[in-house]
Visitor: 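Quick one: structure below, then a few questions.
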Amino acid sequence: MKIRIAHISDPHFGANNPDVVQSLTTRLLELQPDLIIMTGDITQRARLDQFKAAHAFVESLKQFQWAVVPGNHDIPLYNLSRRFFAPYSHYETAFEGQIEKKIPLEQVQVFTFDSTSRFRLVQGALSQKQIKDLVRKKLIQTDVRIACFHHPVDCPKRVDEKNLLRNRDQVMKVFAETKMDLVLGGHIHDPFVTLSGERYPDIQRQSVISVAGTCLSWRTRAGAPNSFHLIDVDVDPHHQPRMTISRNDLDASGSFSPILVQSFFRQLDLGWSKQENL
Ligand SMILES: [Fe+2]
Ligand SMILES: [Fe+2]
């Protein structure tokens, strides 16, 4: 069984280059993913016209399965009455049914979480209710389990420590218990792939962490142009499950192309490890 996932994040519709939308669409059509996961900051300011542009982009690729979660930019910043009383109204108008959407792929169980809050502008957390619900959920027999939410559980630079999910230690423990394979996030616009054991060495079962960069926004960081991650998972009863993640960057010619590929394999109780020599 092979499953191909495109992990895109932080498009920030309303603060994006329209040409890059076309480049990303072209590349996704070439790659034919089974599933596209978009981990938040869909818009720049949570305005209805920005959600409509995002929705048009999703609709243009509607032959693929989608999972979409909100980011801190998808909650109104200045419209206080909307922010406190109906923070997700525009998101819901455009993406009705996307939170907790059931993905009809038998081999994959996708857990979508909203890590944002109307009371926090930037920082994110999963609520105790979300964590309890996950633990209570009956885990179906499946090949791959994926958790997706906006705020990352690890970052490559010290300056982004403040942007990490607030209750990440508790959440990562629960993810190990629930045998989560992949933990997807965005938010820092700094693409990064790592194993959970790097930051959480006390947790025995390792999952793979994918933090995608910004796929469309102008707000890129040094060394990180617009990008996304392509995740190929291969689960076959005759060998250990394997996964490769390739970072696709927007190059000088205006196309997305792979620049870095990392490979992983899964062992029963230890979870995922890095495949060093390919
Ligand atoms: Fe963002
Ligand atoms: Fe964000």
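All values derive from a computational prediction rather than experimental measurement. First listed ligand is number 1; within each ligand, the first listed atom is number 1.
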Visitor: I'd like to know: is the Fe ion (ligand 2) within the 2.8 Å range of an N/O/S atom from Asn72, strictly under that distance?
Guide: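 Yes, Asn72 qualifies, because one of its backbone or side-chain N, O or S atoms lies under 2.8 Å.
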Visitor: Out of the N/O/S atoms in His187, what is the name of the one closest to the Fe ion (ligand 2)?
Guide: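 Going by distance to the Fe ion (ligand 2), the closest N, O or S atom in His187 is ND1.
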Visitor: Are the charged groups of Asp181 and Arg145 less than 4.0 angstrom apart, N to O?
Guide: no
Visitor: Going by atom types only, do His150 and Asp41 share a side-chain donor-acceptor pair under 3.5 Å?
Guide: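 Side chains of His150 and Asp41: pair found under 3.5 Å.
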Visitor: Could you pull out the atom name of the N/O/S atom in Asp41 that is nearest the Fe ion (ligand 2)?
Guide: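 Closest to the Fe ion (ligand 2) among those atoms: OD2.
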Visitor: Does the side chain of His189 pick up a donor-acceptor pair with the side chain of His12 at under 3.5 Å?
Guide: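 Indeed, the side chains of His189 and His12 share at least one donor-acceptor pair under 3.5 Å.
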Visitor: Looking only at N, O or S atoms, which one in His150 sits nearest to the Fe ion (ligand 2)?
Guide: NE2
Visitor: By atom name, which N, O or S atom of Asp10 is the nearest to the Fe ion (ligand 1)?
Guide: OD2
Visitor: Less than 3.5 Å apart, any donor N or O on the side chain of Lys274 or Gln262 sitting next to an acceptor on the other?
Guide: yes
Visitor: Between Gln63 and Gln32, does any side-chain donor sit less than 3.5 Å from a side-chain acceptor?
Guide: no
Visitor: Looking at the Fe ion (ligand 1), is one of the N, O or S atoms of His73 less than 2.8 Å from it?
Guide: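 No N, O or S atom of His73 is closer than 2.8 Å to the Fe ion (ligand 1), so no.
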